[in-house]
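To keep things clear, I will list the structure first and then write my remarks on it.
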Protein chains: 2
Amino acid sequence: MKFMPYEKSLEILAKNTIKWDRIEKVTITNALNRYLAIDIIAKDNYPSHPTSAMDGYAIKHSEIENGSFTILGDVPAGALKDVELGKFECIKTFTGSLMSKNSDTLVPVENVEVFDNTIKIIKEVPKGFAVREIGESYKKGEILIKKGTKLSYSEIALLAELGEIFVSVYIKPKVAILATGSEIKDIGEPLENEAQIRSSNHVALKAMMELMGCEPMILPIVKDEPNLVENAILQGLRSCDILLTTGGVSMGDYDFVKTALSKNCNVIINGAAIKPGRHIKISKIDEKYIFSLPGFPYSAMVMCILYVRVLINSFFSINDNYEVNAVMDSDFTKKSKFLEFSACTLYADKKGILKVSLKGKKDGSSAIVNNLNQNAALLITPLESTGHKKGDVVKVLKMV
Amino acid sequence: MKFMPYEKSLEILAKNTIKWDRIEKVTITNALNRYLAIDIIAKDNYPSHPTSAMDGYAIKHSEIENGSFTILGDVPAGALKDVELGKFECIKTFTGSLMSKNSDTLVPVENVEVFDNTIKIIKEVPKGFAVREIGESYKKGEILIKKGTKLSYSEIALLAELGEIFVSVYIKPKVAILATGSEIKDIGEPLENEAQIRSSNHVALKAMMELMGCEPMILPIVKDEPNLVENAILQGLRSCDILLTTGGVSMGDYDFVKTALSKNCNVIINGAAIKPGRHIKISKIDEKYIFSLPGFPYSAMVMCILYVRVLINSFFSINDNYEVNAVMDSDFTKKSKFLEFSACTLYADKKGILKVSLKGKKDGSSAIVNNLNQNAALLITPLESTGHKKGDVVKVLKMV
């Protein structure tokens, strides 16, 4: 069997990617970790008026050498007082209050002594001190948050500041997860013999889909029987936008997912020269996708990053390719003739150099789930490379 | 007013930190992003028997030079067949199947030609090829996931593999958020004049608390009136473990949070020599905490990282201090005489060096919410330092 290069398979996926123009409005308090579907643009300058950044006394700086000022009153935050300062006059002004007419500088309370209705400045400040100028935070027309941004705490704060109640985000794609295999038992099901194993890739993929901003659902596990597999795929597709299957796609006699796909779908990608996961299959029916991932959970999780995330990123207008450059802290020898993705740890050393460590990552098959623990990343070793030497600059793919 | 060093304030907080020995069991499919309250230890070797990692034919490697083997039958994954290989015999074995007695090597299907009930090996493999040895993934007694780990997709996969249905995690602390200030209006409330502003720190803190694994609730905003503020604090405390207030703690005449705290609580920290947030106050009543954060949302968010996260990390047995070393990509001049935390961007350059950029971060007051957008981090400039030069190795604190 001949496998196409990874890059070629990504090109095919890109050509077959639909535009995810499905947008919903959610309240900003429910928008955490959602992906913004429009640019957020400042409608006004902020602040729209000069504003005090501390508690103190507003003065006209050209008069500061006078040293003494008559207190006209105060402007609590939120109060709108149309006060204009006369000669050698000041007004008590609090954090967040508007600066009064004719004032340009705030002298903090710590810098003055107060005698009845007069202040004496004991420590001068430069012109404009502690005043938020018009547009300090942002100016009218500025793009504040770009389409495709994952909304975190500060973007939500900004939306609140802008007066937004709702925000337009991409609708979460529904992703159904179908684990196949006569040997796998579901959570809580007893193992009947030593050859059976517990399904783990369905729960792993569910968590990954949540972390990627999708709405996952776990379908009942299906045994290796042609009709059962085919029915489960067709039935699953009715309730989702993307179906992830695991198992049943390699070279074995019990790989019925493969058969069901070729019968019912347009298989757009049929294997790639990568390790793990060379038997990956991606199929399309109308606007729906089926990613047929390997049965080994480590492989399935890596494949989910290498392909499923690429599609979802495109849906959500995400530009990030999650690749960083880093420096090997040990040698690494490639095992296959393929493009390899190997579990590794990224860390910054004392000098601020981003290092790749393979320490604690077990050598063995693609079945070792725990190699992805503790926020692992994927060391990329190209098709033409035989490995890396300590000190080499390499590319690393971040997981979710 | 004299401010204590940040380190000193952290020591006081540590001395006053209760042990958060509150644990609940959740199903593993609901455990994403929860903090593990116990160590997870392997009860058995995994796999417990030699297992095939590919589809192929199990043989005894010492016989490989014979080149031809009689097929005894097959072992589908999940099947338990008590087959023992005789001389020059093989058995078809699928990914995940147990290796049969007397076999030690798997010859992949791609490496053989099949004639009726005989295979001919066309490409040899080394001894032990494609066999998962006993304990390849983990050995009995191995600590697999440490207490305090934030459970992500692969830890959940591992828990499933281990046969766990439930997992012990720390109960989420309930965090109530109380924004104070007569000038602030809630989401959706119209502004009555140009001096009023929209509350943003309550939604920001809610999102931060969610990201930190807590259960937040937003309390109604309270105006700057002594009785209202005091009642809101006491009432809020009834429903939470941690109360975050914003505003009302600086040097102004309307800072009633300060007054309410000194009347009712044990104020354990009263200011620190840091920018932003020098007026931070932390109080304790029995096993509950009140963090009184500044009114400016940028400052409040930074303070949440500098203090609230420290307490929560301790509750959740998290060892990470979220500090990394990185290299300045431009000069930076400190503004205050305090320990400063300034919004910055962390990125890895082409050579794999972690760089600190201040590009796009606006210069101005602590009111600029948008400086924390796009996954900002905090550049640390020590008390005794005046700033950093391009190329300096500095410490950077990651946000949530």
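In what follows, chains are A, B, ... by sequence order, proteins preceding strands, each numbered from 1.
Side-chain N/O atoms of A/N325 and B/K351 include no donor and acceptor closer than 3.5 Å.
Among A/E194, A/M399, A/E210, A/Q196, the residue making the largest number of heavy-atom pairs under 4.5 Å with chain B is A/E194. Top candidate by heavy-atom pairs under 4.5 Å with chain B, chosen from A/A160, A/A376, A/A348, A/P294, is A/A160. Options A/N193, A/V394, A/D363 differ in how many heavy-atom pairs under 4.5 Å they form with chain B, and the most are formed by A/N193. Top candidate by heavy-atom pairs under 4.5 Å with chain B, chosen from A/G163, A/G96, A/S48, A/P108, is A/G163. The residue among A/N370, A/I156, A/V393 with the most heavy atom pairs within less than 4.5 Å of chain B is A/N370. With chain A as partner, the option from B/A130, B/A207, B/S366, B/A195 having the largest number of non-hydrogen pairs under 4.5 angstrom is B/A195.
Both the backbone and the side chain of B/M208 come within less than 4.5 Å of a heavy atom of chain A. Contacts between B/S52 and chain A at a heavy-atom distance below 4.5 Å involve the backbone alone (N, CA, C, O). Both the backbone and the side chain of B/A53 come within contact range of chain A, with heavy atoms under 4.5 Å apart. Heavy-atom distances place both the backbone and the side chain of A/V400 under 4.5 Å from chain B. Heavy-atom distances place both the backbone and the side chain of A/I165 under 4.5 Å from chain B. Heavy atoms closer than 4.5 Å to chain B are found in the side chain of A/L32, but not in its backbone. At a 4.5 Å heavy-atom cutoff, the contact between B/V369 and chain A is made by backbone and side-chain atoms alike. Neither the backbone nor the side chain of A/L205 comes within less than 4.5 Å of any heavy atom in chain B. Residue contact with chain A, scored on non-hydrogen atoms closer than 4.5 Å, involves the backbone and the side chain of B/N373 alike. In this structure, chain A has no heavy atom under 4.5 Å from any part of B/V356. Heavy atoms of A/E323 lying under 4.5 Å from chain B are absent altogether. Looking at A/Y298, neither its backbone nor its side chain comes within 4.5 Å of chain B, counting heavy atoms on both sides. Heavy atoms of A/E189 lying under 4.5 Å from chain B are absent altogether. Heavy atoms of A/L162 lying under 4.5 Å from chain B belong exclusively to its backbone. Within the 4.5 angstrom heavy-atom criterion, atoms from both the backbone and the side chain of B/I353 approach chain A. With a 4.5 Å cut-off on non-hydrogen atoms, B/K362 touches chain A through its side chain but not through its backbone. Contacts of A/M54 with chain B are made by side-chain atoms alone, with heavy-atom separations under 4.5 Å and no backbone atom involved. Within the 4.5 angstrom heavy-atom criterion, atoms from both the backbone and the side chain of B/L158 approach chain A. For A/T29, the parts lying near chain B are the backbone and the side chain together; criterion is any non-hydrogen pair under 4.5 Å. Proximity to chain B involves both the backbone and the side chain of A/K350, based on heavy atoms less than 4.5 angstrom apart. Heavy-atom distances place the backbone of B/S199, and not its side chain, under 4.5 Å from chain A. If you measure heavy-atom distances from B/L159 to chain A, you find no contacts under 4.5 Å at all.
The pair A/D349-A/K355 meets the salt-bridge criterion, since a charged nitrogen lies less than 4.0 angstrom from a carboxylate oxygen. A salt bridge is defined here as a Lys NZ or Arg NE, NH1 or NH2 lying under 4.0 Å from an Asp or Glu carboxylate O, and A/K185 with A/E192 meets this definition. Look at B/E133 and B/K139 and you find no salt bridge, because none of the NZ, NE, NH1 or NH2 atoms lies under 4.0 Å from a carboxylate O.
The main-chain N or O of A/F94 is never found under 3.5 Å from a side-chain atom of A/D55 such that the two would form a donor-acceptor pair. Formation of a donor-acceptor pair under 3.5 Å by the A/S200 side chain with backbone atoms of B/E161 is not found in this model. Between the A/K92 side chain and the A/V109 main chain, no donor and acceptor come within less than 3.5 Å of each other. Side-chain N or O atoms of A/E155 include none that pairs as donor or acceptor with a backbone N or O of A/T149 at under 3.5 Å. Looking at A/S182, its side chain does come within 3.5 Å of a backbone N or O of A/D224 through a donor-acceptor pair.
By the 30° and 60° cut-offs, the orientation of the rings of B/Y138 relative to B/Y46 is parallel.
Residues passing the side-chain contact (heavy atoms from CB on, under 4.5 Å) test with B/A367, sequence neighbours excluded: A/R132, B/F296, B/S365.
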